[in-house]
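Have a look at the structure below before the remarks.
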Amino acid sequence: MERLFVTYHVSCPRHAVAARAEAIAIEQSIEMPPSAVREQAVLDDYVGRVVSITPIAGDLHRVVIALSAGTVGDEPGQLMNMLFGNSSLQSDVELVDADLGPGVLGRFSGPRFGIEGLRRITGVHGRALTCGALKPQGSSPEQLAAIARELALGGIDIIKDDHGIADQAYAPFALRVSAVQRAVTAANRASGGRTVYAPSLSGGPARLAAQATVLRDEGVATALLAPMILGLPSFAETAGKLGVPVIAHPAMAGATRIAPALLIGKLFRLFGADAVIYPNHGGRFGYTPGQCREIADAARLPWDGIRGALPVPAGGMSLARVPEMLDFYGDDAVLLIGGALLAAGDELRQRTREFVNQVTGGT
């Protein structure tokens, strides 16, 4: 029976950590006393096994547990359930990493387009991509379309909805997407550019299906989805059916004790994200340079045939940070600046050109 190897950080006194690790192994596998199991095959193949316990500092330990690949099914919800379902309710445990093995990886398609696909659609090769955001909440479709026009004429590569813009009365999804896509198309025609628009999709299965139809009808080339808001199974199914690259937004991704590199970098990628947004260090959030490096590596480094995803560092970035971000992330990244561009007001197009020129080396 193939096994996957799951790494947890466990806060526990050293004298008790062995018993605690065994308890986690049982909780994440058969969830009952092994002594009550009558079938030897269950004991041999499906009971979780503690592989190693390594002290980190003080009462913190690194615990690796082997779980049966047969328990994880072939959809994201069950995989997450077996990795961290019940143990997520226990405050002394953090899910840190998972070595899934070829048998489990083969059940998930990963990004449909990946880094090369996003580059092909945007026409951007040999450099980082640029991205702006449509804000604020309360804006009408016409107001958002006007912002998109200026961003596109400024030469930006990707324009995404703010993740909080959904299907509200002030900007209904179909009207907003139609207005913004028309504005982007007209700007591209005028400038010769290839800016793409990523509307934010939200809701349950019926609403998502209706929104996907709007994307196809309007010729939209990318989409923004929040995996933890939609639910991971819904995210994976939607990403697989849209037919365009998917940018994953990290909203609610910090509400669980799961290491960001695993959840945002590795698992969002596995479930279909072609690019992953996350808080860059030094911005509005508390991620460290080390965490950001780990997320970027998890998103784009080779992984057993799974296409790479582009890291999208964001969260309070400014033009002053662009050289530093280019040095830190290199060419395979999307640099996202939202409010700092929109703060330019009537000079938005010029501010966008400055951003693009910094990334492209233009003048």
> Rounded to the nearest 0.5 Å, how far apart are CD1 of Ile258 and CG of Leu83?
Replying inline: 8.0 Å
>> Is it true that, when you exclude Asp346 itself, more than 12 heavy atoms of the residues, nucleotides or ligands shown sit nearer than 6.0 Å to its CG?
In response: no
> Any sub-3.5 Å donor-acceptor pair from Gln78's side-chain atoms to Thr71's backbone N or O?
Replying inline: yes
> Hey, quick one: are Ile115 and Ile277 part of the same hydrophobic cluster, counting side-chain heavy atoms closer than 4.5 Å, chains of contacts allowed?
Replying inline: yes
> What is the minimum heavy-atom distance between Leu326 and Gln358, and which atoms define it?
Replying inline: CD1-O, 3.8 Å
> Between Arg176 (side chain) and Ala171 (backbone), is there a donor-acceptor pair under 3.5 Å?
Replying inline: yes
> What distance separates Thr130 OG1 from Leu336 CG, expressed to the nearest 0.5 Å?
Replying inline: 10.0 Å
>> Checking Glu347 against Glu354 for the side-chain contact (heavy atoms from CB on, under 4.5 Å) test, could you report, in this order, the C-alpha distance in whole Å, the side-chain angles of both residues, the deciding distance, and whether it holds?
In response: CA-CA 11 Å; Glu347 302 299 321; Glu354 293 173 9; over 6 Å; no
>> Is it the case that the side chain of Glu142 and the backbone of Ser140 share a donor-acceptor pair, with hydrogens and angles ignored and the cut-off at 3.5 Å?
In response: no
> Taking the side chain as C-beta and beyond, is there a heavy-atom pair between Val180 and Ile147 under 4.5 Å?
Replying inline: no
>> Between Met252 and Phe268, is there shared hydrophobic-cluster membership here, with clusters defined by ILVMFWY side-chain heavy atoms closer than 4.5 Å?
In response: yes
> Should Tyr8 and Ile26 be counted in the same cluster of Ile, Leu, Val, Met, Phe, Trp and Tyr side chains packed under 4.5 Å apart?
Replying inline: no
> Any side-chain heavy atom of Leu232 within less than 4.5 Å of one from Met228?
Replying inline: yes
> Hey, is the main chain of Phe5 close enough, under 3.5 Å, to the side chain of Asp99 for a donor-acceptor pair?
Replying inline: no
>> Listing request: all ring-ring contact (aromatic ring centres under 6.0 Å, His included) pairs with a residue in residues 81-130, at least two apart in sequence or in separate chains.
In response: Phe108-Phe271
> Which value, rounded to the nearest 0.5 Å, describes the distance between Leu100 atom CG and Asp304 atom CG?
Replying inline: 9.5 Å
> Just by distance, with hydrogens left out, do Glu31 and Asn86 show a side-chain donor and acceptor under 3.5 Å apart?
Replying inline: yes
> Hey, is Arg3 close enough to Asp45 for a salt bridge, meaning N to O under 4.0 Å?
Replying inline: no
>> Quick check: do Val356 and Arg353 have side-chain heavy atoms less than 4.5 Å from each other?
In response: no
>> Less than 3.5 Å apart, any donor N or O on the side chain of Gln137 or Tyr170 sitting next to an acceptor on the other?
In response: yes
>> Would you say that Val184 contacts Arg149 through its side chain, given a criterion of any heavy-atom pair below 4.5 Å between the two side chains?
In response: no
> With respect to Pro199, which candidate in Ile159, Leu225, Leu224, Leu215 satisfies the side chain to side chain contact (heavy atoms under 4.5 Å, CB included) definition?
Replying inline: Leu215
> How are the rings of Tyr329 and Tyr278 set relative to one another: parallel (under 30°), tilted (30 to 60°) or perpendicular (over 60°)?
Replying inline: perpendicular
>> Quick check: closest heavy atoms across Ala298 and Ala261, and the distance to 0.1 Å?
In response: CB-O, 3.4 Å
> Salt bridge check: are Asp332 and Arg119 linked by an N-O gap of less than 4.0 Å?
Replying inline: yes
> If you group Ile, Leu, Val, Met, Phe, Trp and Tyr by side-chain heavy-atom gaps below 4.5 Å, do Leu118 and Trp303 land in one group?
Replying inline: no
>> For Pro233 versus Gly77, what's the shortest heavy-atom pair and its separation?
In response: CG-N, 3.6 Å
> Can you find a heavy atom in the side chain of Gln211 that is under 4.5 Å from one in the side chain of Ser202?
Replying inline: yes
>> Checking side chain to side chain donor-acceptor pair (under 3.5 Å) between Ser87 and each of Gln28, Glu27, Arg257, which is the one that passes?
In response: Gln28
> Can you name the nearest heavy-atom pair linking Met80 to Leu267, along with the distance?
Replying inline: SD-CD1, 3.6 Å
> Can you name the nearest heavy-atom pair linking Ala221 to Ile121, along with the distance?
Replying inline: CB-CG2, 4.1 Å
>> What's the separation between atom CD in Glu237 and atom CG in Leu242, rounded to the nearest 0.5 Å?
In response: 11.5 Å
> Where is the tightest heavy-atom contact between Ile156 and Gly132, given as atom of each residue plus distance?
Replying inline: CD1-N, 3.2 Å
>> Given 3.5 Å as the limit, does a donor-acceptor pair link the side chain of Ser29 with the main chain of Gly48, or not?
In response: yes
> Quick one: are Pro260 and Tyr287 in side-chain contact, heavy atoms under 4.5 Å?
Replying inline: yes
> Is the shortest heavy-atom distance from the side chain of Arg293 to the side chain of Phe328 under 4.5 Å?
Replying inline: yes
>> Please evaluate residues Leu134 and Leu151 with respect to the criterion side-chain contact (heavy atoms from CB on, under 4.5 Å), reporting the C-alpha separation (whole Å), side-chain torsions for both, the decisive distance (0.1 Å), and the verdict.
In response: CA-CA 9 Å; Leu134 298 181; Leu151 289 169; 4.1 Å; yes
> Does Leu175 offer a backbone N or O that forms a donor-acceptor pair with the side chain of Ser178 under 3.5 Å?
Replying inline: no
> Would you call Asp157 and Arg194 a salt bridge, taking side-chain N to carboxylate O under 4.0 Å as the test?
Replying inline: no
> Yes or no on side-chain contact (heavy atoms from CB on, under 4.5 Å) for Arg107 and Leu79, after CA distance, side-chain angles and deciding distance?
Replying inline: CA-CA 11 Å; Arg107 304 173 198 177; Leu79 174 59; over 6 Å; no
> Roughly how far, to the nearest 0.5 Å, is the CG atom of Asn280 from the CD1 atom of Ile337?
Replying inline: 10.5 Å
> Is the shortest side-chain N to carboxylate O distance from Asp97 to Lys266 below 4.0 Å?
Replying inline: yes
> If only atom types and distance count, is the side chain of Arg307 paired as donor or acceptor with the main-chain N or O of Gly272 below 3.5 Å?
Replying inline: no
> Taking the side chain as C-beta and beyond, is there a heavy-atom pair between Leu153 and Arg349 under 4.5 Å?
Replying inline: yes
> Does any donor atom in the side chain of Gln90 or Arg20 lie under 3.5 Å from an acceptor atom in the other side chain?
Replying inline: yes
> Short question: side chain of Thr222, backbone of Tyr197 - any donor-acceptor pair under 3.5 Å?
Replying inline: yes
> Is Arg112 paired with Asp274 through a side-chain N to carboxylate O contact shorter than 4.0 Å?
Replying inline: no
> Between atom CG of Leu301 and atom CD1 of Ile306, what is the distance when rounded to the nearest 0.5 Å?
Replying inline: 14.0 Å
>> For Gly164, is there any backbone N or O sitting under 3.5 Å from a side-chain donor or acceptor partner on Asp162?
In response: yes
> For Val220 and Val196, what are the C-alpha separation, side-chain angles and deciding distance, and is it a side-chain contact (heavy atoms from CB on, under 4.5 Å)?
Replying inline: CA-CA 7 Å; Val220 174; Val196 299; over 6 Å; no
>> Looking at Glu94 and Val96, would you say the former's side chain and the latter's main chain have a donor-acceptor pair under 3.5 Å?
In response: no
Can you give each donor-acceptor pair under 3.5 Å made by side-chain atoms of residues 52-70, sequence neighbours left out, with the distance rounded to 0.1 Å?
{"unit_1": "His61", "atom_1": "ND1", "unit_2": "Cys12", "atom_2": "O", "d": "3.4"}
{"unit_1": "His61", "atom_1": "ND1", "unit_2": "Asp59", "atom_2": "O", "d": "3.1"}
{"unit_1": "Ser68", "atom_1": "OG", "unit_2": "Gly70", "atom_2": "N", "d": "3.1"}

> Are Leu335 and Leu342 joined in one hydrophobic group, where the rule is that I, L, V, M, F, W and Y side chains link up if heavy atoms are under 4.5 Å apart?
Replying inline: yes
